[in-house]
Every structure is written in structure tokens, then in C-alpha cells.
Number of protein chains: 2
Amino acid sequence: MAKKKAESGTTDDLCTEHHHHGKTAKILLLAETEAQRMGEFFAVLSDPTRLRLMSLLAGDECCVCDLAERLDMTESAISHQLRSLRAGRLVSYRKEGRQVFYRLHDHHVLELYQTVREHLAE
Amino acid sequence: MAKKKAESGTTDDLCTEHHHHGKTAKILLLAETEAQRMGEFFAVLSDPTRLRLMSLLAGDECCVCDLAERLDMTESAISHQLRSLRAGRLVSYRKEGRQVFYRLHDHHVLELYQTVREHLAE
DNA sequence: CAAATATCTGAGCGTATGTTCATATATTCA
DNA sequence: TGAATATATGAACATACGCTCAGATATTTG
């Protein structure tokens with residue numbers, strides 16, 4: 001059954017009781033807004049093209065046209081993806097003449113990338 | 001410019017040369033198939049509902065109807081999402097009578113979840 | 001067995017997303 | 001200044017995805 005919600009009054013049962021005594025607690029239901037933010041973060045990492053870009057930038061900074069050549073994709077597509085990576089604060093950039101050199105934002109990002117890559121390599 | 005591809009023959013230049021001497025190396029262009037797999041992994045983590053489910057399971061195992069009640073969503077929606085989490089090997093489950101109790105697959109998953117959550121809490 | 005409970009599943013709908021294409025902006029160079 | 005280079009951007013299109021709804025299993029209970 002289960003129409004949509006019943007809300008029988010007892011909101012706390014079974015899985016919730018250990019929140020009262022603070023022991024294994026502090027692992028609480030993620031708030032909607034926080035879940036949203038966290039989801040957006042992972043969403044940036046959920047695209048193969050963006051991950052490949054990050055794998056290139058993990059080595060050294062690189063300009064857009066080189067990235068495009070390496071991935072054999074149009075510079076437009078790459079530019080769009082770098083925009084997402086920028087918005088997600090996963091990369092930084094520096095302008096030099098007409099070129100723009102991108103790099104991973106910080107070591108935090110590199111570590112996350114490598115951790116997951118190794119995790120999946122099993 | 002940039003039509004689509006030029007492939008001037010030199011596939012390795014600039015960012016790639018430090019792969020020869022193994023030092024900062026081992027950071028190579030992610031292959032398409034590997035990028036795909038890695039992307040799918042992050043994609044599972046990119047949905048707010050799935051993250052909230054994981055936040056509940058981080059505390060203790062829980063059955064579907066309780067999860068649905070806690071998130072105030074239909075059991076159908078939750079079941080669909082648990083299916084994704086199962087496919088991504090992020091959760092395991094155990095059947096007991098007509099109930100199915102889900103839990104995080106391993107500590108690896110919990111650590112990743114907590115690491116990112118803290119990272120975004122800054 | 002029939003009714004109730006717990007979960008799963010497929011189709012369908014609305015929305016989000018990645019790429020292409022055309023174009024805009026900015027910088028270098030002749 | 002005008003042509004060429006490097007990057008960014010918006011519209012459009014095709015695909016992917018989350019939720020709902022209806023219904024299918026499966027298990028317990030009367």
C-alpha cells in the first residue's frame with residue numbers, strides 16, 4: 001500500500017532511538033538543502049568528460065585548446081564543461097594572453113579523485 | 001576555430017611528459033571506459049534523496065517502509081532509489097520476513113560520505 | 001485460501017543535462 | 001585597423017533521470 005504519507009504520529013521508532021543517547025549518533029538525517037548541495041557537488045563529478053579533464057589537470061595545468069585536443073572534442077564542449085567544474089569550485093584558472101590555463105582547485109580535490117579511482121580499481 | 005578534431009600525430013605533449021620517469025607520474029588521462037564507470041559511481045551519489053537515504057543508513061540498518069516514512073516519500077520512490085544504490089554497490093541488504101533491511105555496503109562508503117560532507121561544511 | 005503487509009517493477013511524464021552550432025568577446029599580430 | 005587565434009556563451013536537440021501510478025511478487029496472518 002502506502003499512498004504517500006500517513007504520519008501515524010510516531011515519527012521516531014526503530015532506527016531512530018539511538019539518537020537520544022549520543023553515542024553512535026551525530027550521524028543524522030541530512031537536511032534537504034544540505035543534501036541538495038552535496039548532490040550538486042557529486043553531480044559535477046558524475047560526467048566522464050569532466051573526470052577526464054580532471055585526470056589531465058591532475059598532472060599539470062593546461063589550456064583549453066590543449067585539453068580539447070587531448071580529449072578529441074570541440075573546444076566549445078570543453079569550455080562548457082570547464083564552466084561546470086569552475087562553478088563546482090573543482091578547478092581554478094589563470095589567464096595568460098589569449099590562453100586560459102586551468103588547474104585543479106586544491107589538493108582536496110586531487111585526493112578525492114584518487115581515492116575513488118583506486119576504490120573502483122579493485 | 002576548432003572544427004572537431006585535427007589529431008596532429010603528437011598525442012603526447014606538454015602535460016604528459018612526466019609519465020616517463022615515474023615520479024609525479026601515474027596520473028594519466030583517464031580512459032573512456034574507466035571515466036564512464038567512475039562517472040556512474042558519482043552519479044549514484046549525485047541525488048539528494050539517495051544521499052539522505054545514505055545518511056540514515058550511516059546510523060544503522062533500516063527497512064524500506066521506515067526509510068520512506070523518515071523521508072516522507074512513497075515507498076515506491078524509495079525502492080527505486082535503493083535499487084540504484086544497490087546497483088552502485090553502495091548498500092547491502094538482508095531479508096527478514098517480508099521486510100528488507102538495508103545498510104551501507106562497507107566502511108569505505110561511510111568514509112567517502114563523511115569526508116565530502118565535512119568538505120562541504122566549510 | 002483470502003486479506004493485509006512489505007517490497008519491487010515497468011510505463012509514462014516532466015525536467016535536467018551534454019553536445020553541437022552559430023556567434024560573441026578578447027587578445028595577438030601583420 | 002583587420003585577420004587570426006583562444007575562449008566563452010546561448011539556443012536547440014536528444015538523451016538521461018526521478019517521481020508517480022498501477023500492478024506484480026512474496027510473506028504473514030486470520
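Residue numbers begin at 1 in each chain, while the letters A, B, ... track the order of the sequences. Everything numeric in this text was worked out from a predicted model, so none of it was measured.
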Exercise for review: Report the distance from atom CD of E69(B) to atom P of dA6(C), rounded to the nearest whole Å.
Suggested key: 11 Å

Review point. Which listed nucleotide (dG18(C), dT7(D), dC8(C)) is nearest to the side chain of R50(A)?
Key: dG18(C)

Exercise for review: Using a 4.0 Å heavy-atom cut-off across all strands, classify T49(B) as base, sugar-phosphate, or nothing.
Suggested key: sugar-phosphate

**Study point:** Base dC21(C) to side chain S76(A), donor-acceptor N/O within 3.5 Å cut-off
**Key:** yes

**Study point:** Side-chain touch H119(A)/M38(B), heavy atoms, less than 4.5 angstrom
**Key:** no

Check your understanding: Do any of residues 87-97 of chain A sit with a heavy atom less than 4.0 Å from DNA chain C, and if so which?
Key -> G97(A)

Check your understanding: What's the shortest heavy-atom distance between S55(A) and L29(B), and which atoms?
Key -> OG-CA, 3.4 Å

**Study point:** Proximal nucleotide (of dT19(C), dT9(C), dT20(D)) relative to the T74(B) side chain
**Key:** dT20(D)

Check your understanding: Which atom pair, heavy atoms only, marks the closest approach of Q99(A) to C63(A)?
Key -> OE1-SG, 3.3 Å

**Study point:** Spacing between L53(A) atom CG and dT19(C) atom P, to the nearest angstrom
**Key:** 9 Å

Check your understanding: Can you check whether L112(B) reaches F41(B) side chain to side chain, under 4.5 Å on heavy atoms?
Key -> yes

Revision key, fill the gap. Closest to the side chain of Q81(B), out of dC19(D), dA8(D), dT5(D), is dC19(D)

Point to revise | Side chains of L110(B) and L57(B) in contact at under 4.5 Å (non-hydrogen atoms) | key: no

**Study point:** Value in whole Å for how far the P atom of dT9(D) lies from CG of L82(A)
**Key:** 11 Å

Revision key, fill the gap. Here the distance between atom P of dT20(C) and atom CD of E75(A), to the nearest Å, is 12 Å

Practice item. Tell me, please, whether Y93(B) has R103(B) positioned over its six-membered ring: NZ or CZ under 6.0 Å from the ring centre and within 45 degrees of its axis? Key: no

Check your understanding: Does a donor on one side chain sit under 3.5 Å from an acceptor on the other, for Y102(A) and R86(A)?
Key -> yes

Review point. What's the closest nucleotide to the Q99(A) side chain, out of dT27(C), dT7(D), dC21(D)?
Key: dT7(D)

Check your understanding: Can you tell if the side chain of R50(B) reaches within under 4.5 Å of the side chain of L85(B), non-hydrogen atoms only?
Key -> yes

**Study point:** Spacing of E32(A) atom CD relative to dG18(D) atom C1', expressed in whole Å
**Key:** 14 Å

**Study point:** L51(B) CG to dC17(D) P, straight-line distance once rounded to whole Å
**Key:** 16 Å

Point to revise | Check: R37(A) and T33(A) side chains under 4.5 Å, non-hydrogen atoms | key: no

Review point. So how far off straight is the helix from dC1(C)-dG30(D) to dA30(C)-dT1(D), going by the axes through five pairs at either end, to 10°?
Key: 10°

Point to revise | Per S79(A) side chain, nearest of listed nucleotides dA6(D), dT9(D), dC19(D) | key: dT9(D)

Review point. Hey, does the side chain of R86(B) come within less than 4.0 Å of dT9(C)'s phosphate (OP1/OP2), counting only N and O?
Key: yes

Check your understanding: Counting just side-chain N and O atoms, does R83(B) come under 4.0 Å of either OP1 or OP2 of dC8(C)?
Key -> no

Review point. Between dT7(C), dT7(D), dT5(C), which nucleotide gets closest to the side-chain atoms of R98(B)?
Key: dT5(C)

Exercise for review: State, yes or no, whether a side-chain contact exists between V109(B) and V91(B) at a heavy-atom distance under 4.5 Å.
Suggested key: no

Check your understanding: So do V100(B) and L82(B) actually touch side chain to side chain, heavy atoms under 4.5 Å?
Key -> no

Point to revise | H80(A) side chain, from C-beta outward: closest of dT9(D), dT9(C), dA4(C) | key: dT9(D)

Practice item. Kindly point out which of dG18(D), dG18(C), dT9(D) is positioned nearest to the side chain of D47(A)? Key: dG18(C)

Point to revise | Upstream residue (5' side of DNA chain C) when S46(A) and V64(B) are each assigned their closest nucleotide | key: V64(B)

Practice item. Please report, rounded to the nearest Å, how far the C1' atom of dA6(D) is from the CZ atom of F101(A). Key: 11 Å

Check your understanding: Between Y102(A) (OH) and dA6(D) (C1'), how many Å, whole number?
Key -> 11 Å

